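Numbers here are sequence positions counted from 1. Note that this is a predicted model, so its numbers are computed, not measured.
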Amino acid sequence: MAEGFLMEVCVDSVESAVNAERGGAGRLELCSSLMEGGLTPSLGLLQVVKQYVKIPVNVMIRPRGGDFLYSDQDVEVMRKDIELMKSHGADGLVLGALTEDGRVDTELCMELLAAARPLPVTFHRAFDMVHDPVIALETLVSLGFQRVLTSGCDSSALEGLPLIKRIVDQAKGRIIIMPGGGITERNLQRILEGSGAQEFHCSARSNRDSAMKFRNSCAMMGAAFSAPEYSLKVADVSKVRTLNAIARNTL
């Protein structure tokens, strides 16, 4: 990666983690359930990924899908997951929490940041659900988050580019603004040039057919919107390399 740019690839398997590193990723965000926006991965996945890659692995701490307003039981799970991921090699953590009126949950975030120390922490795309992103950013700076992942409070980083640019300028280097959401080789250069961001987040995945020869088309292992059982989404080495090259040649 060229000096000044860092590509983070979101992965949910060992194969994707290895492919992302081979393609030139500078860091991984390790999750499960990417169709739900990413949930906390298993401890086993973290341990095996750490055996196969050398780049930093930031681990998602998100106990369930849906909103970011957490119950006491949710928080208990998050605290335990932070403890476990820290003790088994996580290089950083990714988390976030909101109040019912769409503000950063300062009290809970302070508690989780304290539990995460000394690891760096990214505030995830809960930021895209806040009531006022300008106020929220100042809150994240004061709390001590290292970075915030955002699509600019829109459906993709390209659509949210004006806000991303605005908060990059607002941040003034106090916190890293990392665009993510729908980033592809077709729009990356525009997003980097238009935002002034120095890091970006993508999945760079492609579909791969399952190796299964026997297939039961009558049963599904999840809800109707879930991914087909016989089509796997994995980080694509060539896509990661292409995005890496675009970043290297930008600006």
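Exactly one residue among Arg147, Glu199, Arg27 makes a side-chain contact (heavy atoms from CB on, under 4.5 Å) with Thr122. That residue is Arg147. The only option from Met35, Met60, Glu29, Arg205 that meets the side-chain contact (heavy atoms from CB on, under 4.5 Å) definition with Asp12 turns out to be Arg205.
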Next on the checklist: If you apply the rule side-chain hydrogen bond (donor to acceptor under 3.5 Å, both in side chains), what do you find for Asp74 with Ser71, and how did you get there?
Outcome noted: CA-CA 5 Å; Asp74 291 331; Ser71 68; 3.2 Å; yes
Next on the checklist: Checking Glu185 against Arg241 for the salt bridge (Lys or Arg N to Asp or Glu O under 4.0 Å) test, could you report, in this order, the C-alpha distance in whole Å, the side-chain angles of both residues, the deciding distance, and whether it holds?
Outcome noted: CA-CA 10 Å; Glu185 50 269 50; Arg241 284 178 178 157; over 6 Å; no
Item to check | Trace of the side-chain hydrogen bond (donor to acceptor under 3.5 Å, both in side chains) decision for Thr99 with Asp105 | outcome: CA-CA 5 Å; Thr99 63; Asp105 189 333; over 6 Å; no
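Within a 6.0 Å sphere centred on CZ of Arg79, other residues, nucleotides and ligands contribute more than 12 heavy atoms. Applying the 6.0 Å contact sphere to CZ of Arg190 captures no more than 12 heavy atoms from other residues, nucleotides or ligands.
The closest donor-acceptor contact from the side chain of Lys86 to the backbone of Ala115 lies under 3.5 Å. The backbone N or O of Pro179 lies less than 3.5 Å from no partner atom in the side chain of Thr150, so there is not a single donor-acceptor pair. At least one donor-acceptor pair under 3.5 Å links the side chain of Asn19 to the backbone N or O of Ala235. With hydrogens and angles ignored, the 3.5 Å screen pairs no side-chain donor or acceptor of Asp81 with any backbone N or O of Ile61. For the pair Asp91 (side chain) and Val57 (backbone), a donor-acceptor distance under 3.5 Å is present. Looking at Gln47, its side chain never comes within 3.5 Å of a backbone N or O of His88 through a donor-acceptor pair. In this structure a side-chain-to-backbone donor-acceptor pair under 3.5 Å is missing from Ser16 to Val234.
Residue Phe127 comes nearest to Leu149 through the heavy atom pair CB-O, 4.2 Å, listed as atom of the first residue, atom of the second, then distance.
Separating the CG atom in Leu28 from the SG atom in Cys31 is a distance of 10.0 Å, to the nearest 0.5 Å. Distance check: Leu143 CG to Glu107 CD gives 11.5 Å after rounding to the nearest 0.5 Å. Rounded to the nearest 0.5 angstrom, Ile177 CD1 and Leu137 CG are separated by 4.5 Å.
Using the six-membered ring where Trp is involved, His124 and Phe68 have ring planes that are tilted, between 30° and 60° apart.
With respect to the salt-bridge test (charged N to carboxylate O, under 4.0 angstrom), the residues Asp236 and Lys233 do not qualify.
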